[in-house]
Amino acid sequence: MTSKIVDKGLNKQPLTERKGMPRSYPLEKIRNIGIIAHIDAGKTTVTERILFHTGRTYKIGQVDEGTTVMDWMDLEKQRGITIVSAATTCYWQDYRINIIDTPGHVDFTAEVERSLRVLDGGVVVFDGVMGVEAQSETVWRQADKYGVPRICFINKMDRTGANFERCIKMIKERLGARPIAIQVPIGKEDSFAGVVDLVENKAWFMTGQKDGKMDAGDIPETERERVEEYHKKLIESLAEEDDHIMNAYIEGHDISAEEIKTAIRKVTLSNKAIPVLCGSALKHKGVTLLLDAVVDYLPSPLDMPPVTAIDIKTDEEVIRPVDDDAPFSALAFKVVADPFIGRLVYLRVYSGKIKEGAQVYNATKQNRERIGRLVLMNANRYEELAEADAGAIVATMGLKSTFTGDTLCNMVQPVLLESIKFPEPVISVAIEPKTRSDQDKMGQALQKLAEEDPTFIVAYNNDTGQTVISGMGELHLDVIVSRMMSEFKVGAQVGNPRVAFKEALRRSVKAEGKFVRQSGGHGQYGHICVEFTPLNRNQGFIFEDKIKGGAVPRAYVSAAQSGIKEAAETGGLKGYPVVDFKATAFDGSYHDVDSSEMAYKMAGSLAFKDALAKAGTVVLEPVMKIEATGPENFMGDIIGDLNARRGQIQGIETTDDTVTVKALIPLSETFGYATALRSITQGRANYALEFYEYQEVPESVMAQLK
């Protein structure tokens with residue numbers, strides 16, 4: 001079956017049809033991988049070189065020139081960063097590799113989260129000079145959460161200051177991982193000439209030309225001792241996990257390259273060790289060897305545990321095997337409002353197969369949907385498919401009520417897959433249309449953007465009459481507004497950023513809510529007694545019904561719960577949402593005639609307000625983890641500025657003449673930090689921010705809050 005190729009006109013590079021290439025690949029020859037890393041480590045460059053060397057593209061895209069395939073959005077080209085994860089498919093050694101290139105900036109961490117949820121393996125890219133950076137740790141933890149097997153690629157080995165050994169050490173110490181080098185570089189910095197393959201004990205010399213040509217040769221005499229040491233470490237690491245290697249090693253037998261490869265694959269799939277490769281993607285050095293490693297060591301869908309789901313009919317856990325003949329199940333992990341072809345929903349098919357035009361069941365929304373056209377994505381272009389089978393990552397058109405995290409499944413045997421959890425927004429701005437004609441367009445644009453991005457929230461403030469948008473950081477909201485103006489042609493005015501403060505109860509209290517109204521005919525009667533208890537951070541809202549003897553019917557207790565929840569979201573004593581508390585209903589009363597759900601909803605709200613008055617609240621603010629990196633002679637200035645911003649220094653790392661200061665800093669103190677840091681370091685420092693937790697606002701700052 002051949003695939004029809006469609007170019008939406010966003011990228012004028014030709015996309016060649018793969019004639020005779022079967023659309024349905026054997027499962028063992030499919031690799032679903034993500035390219036993940038800190039910003040500027042070279043993820044997109046690695047992906048572009050992979051596309052070139054696999055024949056997917058014939059013109060090499062450059063991030064600096066804005067000509068990459070994967071960063072196809074205008075904003076990505078202008079800023080030189082990845083904003084949205086882009087999917088593509090390529091072929092190497094008769095294997096089909098589905099790739100998702102993810103953003104590196106912490107503001108777009110949701111793109112990494114949803115990609116890792118549906119991927120089988122990952123390639124983690126590190127800057128050979130900087131090593132493990134702040135966002136490297138974040139994406140590593142995300143991969144750990146989903147148990148994603150991964151390999152590491154230490155990039156930019158030709159740059160001044162690149163250090164392979166230091167990167168290996170940082171992976172071990174900062175990430176708590178067990179790296180095993182399967183390559184070592186030949187030369188370093190501007191003399192980086194190639195790599196030694198420790199598996200086959202073979203040297204590969206690379207010209208750096210775009211054909212990626214490699215010449216096999218003898219291991220240089222200057223490298224022999226180091227290579228032998230690394231080879232010994234590799235065998236010892238594998239022997240600890242593989243009995244066959246252990247026996248051969250103890251008995252002094254020769255261990256073949258195939259035996260070593262089998263053992264490396266085994267420890268990689270079990271997440272007991274991480275193979276490490278190196279190269280320079282920009283100079284085409286090591287990219288084809290990385291592709292070989294993806295095929296050799298990363299899992300196929302068959303290597304991953306069968307997905308577990310909840311059977312909707314029995315509420316029991318069931319397994320959906322990776323099998324085309326199993327009942328269909330898929331997870332929607334991304335929604336895109338494409339200006340050319342409409343609404344695209346990305347799916348990972350876990351079991352069964354699906355055809356264009358088929359009816360499926362949305363188990364999350366509990367309604368039916370019809371699959372429109374099925375397409376295999378290549379960034380902003382696509383190939384049309386007749387069907388998608390198990391293990392595939394595809395996109396479909398025509399799904400109207402399916403959103404990120406929804407389960408699509410067989411209508412006869414409906415199941416619910418585990419959804420995707422996203423962090424809550426920490427920053428807000430008010431936005432208003434410039435003209436009356438922009439008003440309706442703005443509402444539609446914000447709705448479409450919110451559908452795409454689960455960490456972007458749109459709300460209307462009844463008190464001020466303003467539309468408030470919330471996101472993960474200044475850059476996140478800046479990109480959202482820029483997209484609204486450029487893609488949807490909406491004129492808008494944006495206010496200053498505001499921090500998403502919250503409140504929490506000071507102490508445990510018992511409160512009573514009684515709502516009684518009497519007029520002609522039926523009155524209103526609701527009465528509930530509730531104990532409110534503060535919880536630890538990030539535990540959210542918990543409700544427990546301990547009313548005995550039917551003092552209040554269950555339906556009315558649920559109504560009171562809704563009233564408490566809504567009142568908490570409306571705000572506490574300072575007007576911020578109240579979080580992290582438990583409400584335990586323990587008593588109350590009802591009236592046979594006058595009681596209603598509305599009355600108990602009001603009673604719950606009154607009980608919450610009573611609790612606020614008795615317990616009092618503390619205000620919480622989002623605190624960020626910050627890593628500021630710059631020349632060592634500016635260390636005092638960097639620390640002094642962080643202290644002035646209420647920063648709490650957590651640690652200082654020095655390498656050569658560079659210092660990295662780690663600290664915790666309130667989000668409200670980070671506005672304008674980029675400009676200040678450039679000013680005090682003569683433009684020679686950079687920083688990375690990541691949300692840490694909510695903490696209590698000091699009394700000295702409380703007076704400044706409005």
Side-chain angles (χ1 to χ4, degrees), residues 107 423-430 455 457 459-464 466 468-474 476-477 495-511 530-543 563-583 604-626 642-650 663-673 689-706:
D107 282 17
E424 287 190 16
V426 296
I427 188 170
S428 305
V429 295
T455 59
I457 306 295
Y460 185 75
N461 188 321
N462 290 314
D463 295 333
T464 62
Q466 289 179 312
V468 178
I469 57 174
S470 305
M472 300 305 298
E474 286 184 276
H476 185 199
L477 293 182
N496 292 325
R498 292 186 62 187
V499 174
F501 289 102
K502 296 181 179 179
E503 291 182 59
L505 297 174
R506 285 185 181 273
R507 62 185 74 87
S508 297
V509 293
K510 290 182 178 179
V530 186
E531 182 176 9
F532 291 86
T533 309
L535 297 175
N536 293 330
R537 295 292 160 260
N538 301 319
Q539 287 192 260
F541 168 60
I542 299 173
F543 184 84
I564 293 169
K565 189 176 180 183
E566 285 184 18
E569 290 169 355
T570 303
L573 300 177
K574 290 279 186 180
Y576 305 118
V578 181
V579 296
D580 302 331
F581 69 93
K582 179 179 180 180
S605 177
L606 291 170
F608 179 75
K609 289 174 181 174
D610 183 33
L612 285 180
K614 290 178 179 176
T617 62
V618 294
V619 177
L620 308 173
E621 64 180 342
V623 172
M624 314 296 283
K625 269 202 305 191
I626 188 170
L642 287 172
N643 285 332
R645 295 171 180 268
R646 296 196 283 132
Q648 307 164 41
I649 307 300
Q650 301 290 297
L664 299 179
I665 183 171
L667 176 62
S668 58
E669 301 287 350
T670 64
F671 300 143
Y673 183 69
L689 273 177
E690 177 191 348
F691 174 71
Y692 178 61
E693 67 175 9
Y694 269 87
Q695 291 183 0
E696 188 175 335
V697 175
E699 288 293 334
S700 58
V701 182
M702 282 289 295
Q704 301 170 21
L705 297 180
K706 293 181 180 178

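Please read these numbers as outputs of a predicted model, since none were measured by experiment.
- Atom OG1 in T455 sits 11.5 Å away from atom CD in E424 (nearest 0.5 Å).
- Residue Q648 holds its CD atom at 12.5 Å from CD1 of I626, rounded to the nearest 0.5 Å.
- Note: Y576 and F501 have tilted aromatic rings, judged against thresholds of 30 and 60 degrees for the angle between ring planes.
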Quiz item: Given the rule in the side chain to side chain contact (heavy atoms under 4.5 Å, CB included) test, do N536 and D580 qualify, once you have shown the distances and angles that lead to the verdict?
Solution: CA-CA 6 Å; N536 293 330; D580 302 331; over 6 Å; no
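- Side-chain atoms of V579 and L535, non-hydrogen and from C-beta on, never get closer than 4.5 Å to each other.
- Among residues two or more places apart in sequence or in another chain, the salt bridge (charged side-chain N to carboxylate O under 4.0 Å, His left out) test is passed with E566 by K601.
- Minimum heavy-atom separation, G571 to L612: O-CD1, 4.2 Å.
- Closest heavy-atom contact between V530 and A607: CG2-CB, 4.3 Å.
- Taking OH from Y673 and CD from E474, the interatomic distance works out to 13.5 Å, rounded to the nearest 0.5 Å.
- A donor-acceptor pair under 3.5 Å links the side-chain atoms of R645 to the main chain of E669, judged by distance alone.
- Partner of F581 under the side chain to side chain contact (heavy atoms under 4.5 Å, CB included) criterion, out of I542, T533, I564, T617: I564 alone.
- For R506 (side chain) and A615 (main-chain N/O), no donor-acceptor pair under 3.5 Å exists by modelled atom type.
- Between G473 and I427, the shortest heavy-atom contact is N-CG2, 3.4 Å.
- Rounding to the nearest 0.5 angstrom, the gap separating the OG1 atom in T670 from the CZ atom in R646 is 11.0 Å.
- Residues E621 and P698 are in side-chain contact: their nearest non-hydrogen atoms beyond the backbone lie under 4.5 Å apart.
- Inter-residue side-chain proximity for F691 and M624 is flagged as met; some heavy-atom pair is nearer than 4.5 Å.
- Pairing each heavy atom of A583 with each of F532, the nearest pair is CB-CE2, 3.9 Å.
- For the atom pair F543 CZ and K565 NZ, the distance stands at 12.0 Å (nearest 0.5 Å).
- Here the straight-line distance linking atom CD of E693 with atom CG of N538 works out to 7.5 Å at 0.5 Å rounding.
- Here the closest non-hydrogen pair linking P622 and A500 is CD-O, 3.8 Å.
- In this structure, L664 and K625 have side chains that are in contact, with non-hydrogen atoms separated by less than 4.5 Å.
- Inter-residue side-chain proximity for L620 and R537 is flagged as met; some heavy-atom pair is nearer than 4.5 Å.
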